[in-house]
Amino acid sequence: MVRTRFAPSPTGYLHVGGARTALFNWLFTRKERGKFILRMEDTDLERSSIEYEKLIIEAMKWLGLLWDEGPDVGGEYGPYRQSERKKARIYDRYAKELIDMKKAVYVVYDKEDRKKELFETFDYPEEYIQKGHDITIKFKMPKGVKIKFHDLAKGDMEFLSDDIGDFIIMKSNGFPTYNFAVVVDDHLMEITHVFRGDDHLSNTPKQLAIYESFGWKAPVFMHIPLILGKDKSPLSKRHGATSVDHFRQEGYLPEGLLNYLALLGWRVEEGKEIFNIFEKVEEFETSLISNKNVVFDYEKLEWVNGKHLRSIDIENLCYRFRDYLMYLNMNELVDLLDKDKPYSMEVISICREKVNTMKQLLDISMPFFIESFEYEERYIEDYLKKDFAAPIIERALEMFRKNDDWTVEGCEKVMRDLAAEKIASKKKTFQTIRGAILGKLVTPGLFISLSVLGKDRVLRRLEKALNLARSVKN
RNA sequence: GGCCCCAUAGGAUAACGGCUAGUCCACCGGAUUCUCAGUCCGGAGGUCGGGGUUCGAUUCCCCGUGGGGCUGCCA
């Protein structure tokens with residue numbers, strides 16, 4: 001039975017790099033019908049917090065990368081927080097075992113110069129502890145040994161133990177260090193495959209030395225390339241947004257983000273780069289992942305997201321959009337959306353053709369929902385203030401009042417008739433009306449917008465715009 | 001400094017050791033058009049450098065160079 005884990009440290013938001021690591025673990029596990037485990041590596045007391053843990057869990061759920069065992073759902077291999085495992089003295093027990101086997105030692109430090117090592121000993125340094133010295137436990141790396149392993153991404157690896165040296169496994173505060181805790185936990189949790197960032201490749205021989213000392217079987221490793229920024233340095237805030245939360249706020253769909261993250265360094269068939277990750281599980285192969293660091297491309301992410309935004313069914317999109325507004329605490333708008341669902345659906349349906357994210361969808365659809373929308377400065381300057389504005393709007397008002405056919409074709413006919421009167425050029429005429437009814441110069445198609453808005457809204461807005469045109473006219 | 005990973009256009013990738021090095025995003029031009037987007041057509045742009053092996057190297061080997069990682073009582 002395949003068992004994998006995603007083991008973030010709750011010291012910040014879920015990073016897209018972490019999300020990608022989680023994605024590959026998840027993908028592999030689902031394909032192999034195994035168990036996917038979430039484990040919190042909160043051994044850094046200074047930086048870890050339960051708030052971050054909640055945010056990471058929330059982000060993972062939003063992405064839909066669900067786990068079978070974890071701190072929130074429990075499981076037979078718990079606890080799933082290293083801080084709790086520390087409390088249960090799990091690491092103490094195994095560290096002691098290493099000392100008994102003479103493969104680790106206690107290190108006693110100077111009381112004043114707390115970095116200075118006084119001596120190493122296999123015996124529990126009771127009296128020094130009483131006197132308040134810092135004590136750590138250090139793993140003694142075997143001398144002159146070759147540590148070999150096969151990495152699914154990098155191939156056969158070989159390190160010399162002498163290049164690595166001894167390293168601390170238990171801190172003076174009683175917490176295990178990363179390299180020790182992962183080994184103990186992965187073993188106890190019976191993890192079979194470890195997919196993690198490239199940055200852990202050089203740590204692997206240390207961990208293998210510990211597995212070896214205990215006589216434990218090590219999991220299969222695959223070190224996946226890191227995500228970099230445009231300047232090829234590791235992706236950080238300097239390059240723009242990096243947290244999954246941020247992309248959620250920006251109106252990305254989880255399937256869009258996941259699609260892009262998978263696409264990053266995953267070779268796909270030509271012409272098939274847009275897909276739903278949940279339908280791609282069976283095709284997943286570790287050999288498909290490239291072993292080269294990748295640069296995060298915000299533009300391609302937006303393009304991928306746009307493809308998803310336009311292809312999911314409209315009811316689903318409405319639901320997601322409503323969810324998004326609630327996430328942003330825009331409850332008034334949610335009420336407006338709910339008030340007339342068929343109308344809302346039509347609006348979203350015509351607006352999504354123009355945008356790539358739900359944030360953009362929000363911007364472009366706003367004036368369809370609220371009456372007190374703003375008029376763009378450019379519209380006022382280039383159209384509303386011009387001589388032709390008031391006559392065009394006035395004439396449109398007359399024609400639309402008499403109009404009974406509010407289908408797209410009906411609205412088109414009125415507009416074409418209006419343009420035929422040549423108060424101004426066709427473009428100016430259309431743009432004047434576009435701005436009058438929606439306040440913007442970029443909107444969905446004019447005829448369909450008129451049709452969707454309907455007679456009441458259109459007349460009301462034309463009247464308002466007419467008054468405005470008269471008052472701002474140069 | 002030591003050890004390790006990586007290298008095809010600006011980004012992501014494709015090419016049993018063998019065609020004019022293909023595709024997607026971005027970019028430029030054209031068509032469609034009420035704006036924008038989309039769609040369609042077209043264009044520019046690439047094998048990091050140097051040595052080998054070979055009839056032939058993007059592909060295999062070595063050396064450089066560049067980028068990245070580890071070398072923490074961070075993970």
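In the text below, chain A, chain B and the rest are named by the order of the sequence lines, each starting its count at 1. Owing to the predicted nature of the structure, the values given are computational and were not obtained by experimental measurement.
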Taking only distance into account, with no hydrogens and no angle test, what donor-acceptor pairs under 3.5 Å do side-chain atoms of residues 218-228 of chain A form with protein atoms, sequence neighbours excluded?
from, atom 1, to, atom 2, distance (Å)
A:His223, ND1, A:Asp151, OD2, 2.5
A:His223, NE2, A:Arg196, NH1, 3.1
A:His223, NE2, A:Thr204, OG1, 3.2

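- Among the protein residues, A:Arg434 comes within range of the nucleic acid bases, having at least one heavy atom under 4.0 Å from a base atom.
- Look at the P atom in both B:A44 and B:G30: the space between them is 16 Å, to the nearest Å.
- A:Glu346 is linked by a side-chain contact (heavy atoms from CB on, under 4.5 Å) to A:Val452, counting only residues two or more places apart in sequence or in another chain.
- Along RNA chain B, the nucleotide nearest A:Leu288 and the nucleotide nearest A:Phe430 are compared for position; the residue whose nucleotide lies closer to the 5' end is A:Leu288.
- Residues satisfying the ring-ring contact (aromatic ring centres under 6.0 Å, His included) criterion with A:Tyr80, sequence neighbours excluded, are absent altogether.
- Applying the side-chain contact (heavy atoms from CB on, under 4.5 Å) rule to A:Lys111 yields the partners A:His133; only residues at least two apart in sequence or on another chain are considered.
- The separation of B:A31 from B:A15, taken at their C1' atoms, amounts to 33 Å, rounded to a whole angstrom.
- B:G66 and B:C6 make up a base pair, with Watson-Crick or G-U wobble contacts both under 3.5 Å.
- Nucleic acid contact for A:Phe175: none, since no nucleic acid atom lies under 4.0 Å from a heavy atom of the residue.
- One P atom belongs to B:C19, the other to B:G56, and the distance between them is 15 Å to the nearest Å.
- For A:Asp186, the salt bridge (charged side-chain N to carboxylate O under 4.0 Å, His left out) partners at least two apart in sequence or on another chain are A:Arg5, A:Arg39.
- For the ring-ring contact (aromatic ring centres under 6.0 Å, His included) test, no residue two or more places apart in sequence or in another chain qualifies with A:Tyr211.
- Residues A:Phe447 and A:Phe430 place their aromatic rings such that the two centres sit under 6.0 Å apart.
- Between A:Tyr260 and A:Phe296, the distance from one ring center to the other falls under 6.0 angstrom.
- The pairing partner recorded for B:G42 is B:C28, the criterion being a Watson-Crick or G-U wobble arrangement whose two distances lie under 3.5 angstrom.
- With a cut-off of 3.5 Å on both Watson-Crick or G-U wobble distances, the partner of B:C19 is given as none.
- Cation-pi geometry between A:Lys206 and A:Phe167 is met: under 6.0 angstrom from the ring centre, within 45 degrees of the axis.
- A heavy atom lying under 4.0 Å from RNA chain B marks the following residues of residues 406-425 of chain A, by number: A:Arg416.
- Under the Watson-Crick or G-U wobble criterion, with both distances below 3.5 Å, B:U33 is left unpaired in every strand shown.
- Evaluation of the salt bridge (charged side-chain N to carboxylate O under 4.0 Å, His left out) rule for A:Glu53 yields A:Arg81 as partners, not counting sequence neighbours.
- Here A:Thr43 lies in heavy-atom contact (under 4.0 Å) with sugar-phosphate atoms only.
- Less than 4.0 Å separates RNA chain B from at least one heavy atom of each of the following residues of residues 195-203 of chain A: A:Asp198, A:Asp199, A:His200, A:Leu201, A:Ser202, A:Asn203.
- Rounded to a whole angstrom, the distance from the C1' atom of B:U47 to that of B:G10 is 16 Å.
- You can see that RNA chain B meets the heavy atoms of chain A within a 4.0 Å-exclusive cut from B:C3 to B:A75, reading 5' to 3'.
- For B:A21 and B:U59, the P atoms lie 15 Å apart once the distance is rounded to whole Å.
- If you look at A:Trp406 and A:Phe400, their ring centroids are closer than 6.0 Å.
- Across all strands, A:Pro234 comes closer than 4.0 Å only to sugar-phosphate atoms, never to a base (heavy-atom distances).
- Contacts of A:Arg114 with the nucleic acid, taken as non-hydrogen atoms under 4.0 Å apart, include base atoms.
- Pair check for B:A57 finds none; no Watson-Crick or G-U wobble contact set falls under 3.5 Å.
- Across all strands shown, A:Lys307 has heavy atoms under 4.0 Å from sugar-phosphate atoms exclusively, and none from any base.
- Taking the side-chain contact (heavy atoms from CB on, under 4.5 Å) definition, one finds that A:Lys146 meets it with A:Lys148, A:Glu158, A:Leu160, sequence neighbours left out.
- Here, B:G46 and B:C3 have their C1' atoms 33 Å apart, quoted to the whole Å.
- More than 12 heavy-atom neighbours from other residues, nucleotides or ligands sit within 6.0 angstrom of NZ on A:Lys171.
- At the heavy-atom level, A:Lys232 lies under 4.0 Å from the strands shown only through sugar-phosphate atoms.
- Nucleic acid contact for A:Thr443: base, since at least one base atom lies under 4.0 Å from a heavy atom of the residue.
- Considering only residues two or more places apart in sequence or on other chains, A:Phe373 meets the side-chain contact (heavy atoms from CB on, under 4.5 Å) condition with A:Pro367, A:Ile370, A:Tyr375, A:Arg461.
- When heavy atoms are screened at a 4.0 angstrom cut-off, A:Ser290 is found touching the sugar-phosphate backbone but no base atom.
- Using a 4.0 Å heavy-atom criterion, one finds that A:Phe167 contacts no nucleic acid atom at all.
- B:A75 and B:G69 have their C1' atoms separated by 14 Å, given to the nearest Å.
- When the P atom is compared between B:U8 and B:U58, the two are found 14 Å apart, to the nearest whole Å.
- Along RNA chain B, the nucleotide nearest A:Arg267 and the nucleotide nearest A:Asp163 are compared for position; the residue whose nucleotide lies closer to the 5' end is A:Asp163.
- Contact annotation for A:Leu263: backbone-only contact, meaning every heavy-atom pair under 4.0 Å involves sugar-phosphate atoms and none involves a base.
- Using a 4.0 Å heavy-atom cutoff across all strands shown, A:Lys230 reaches no nucleic acid atom at all.
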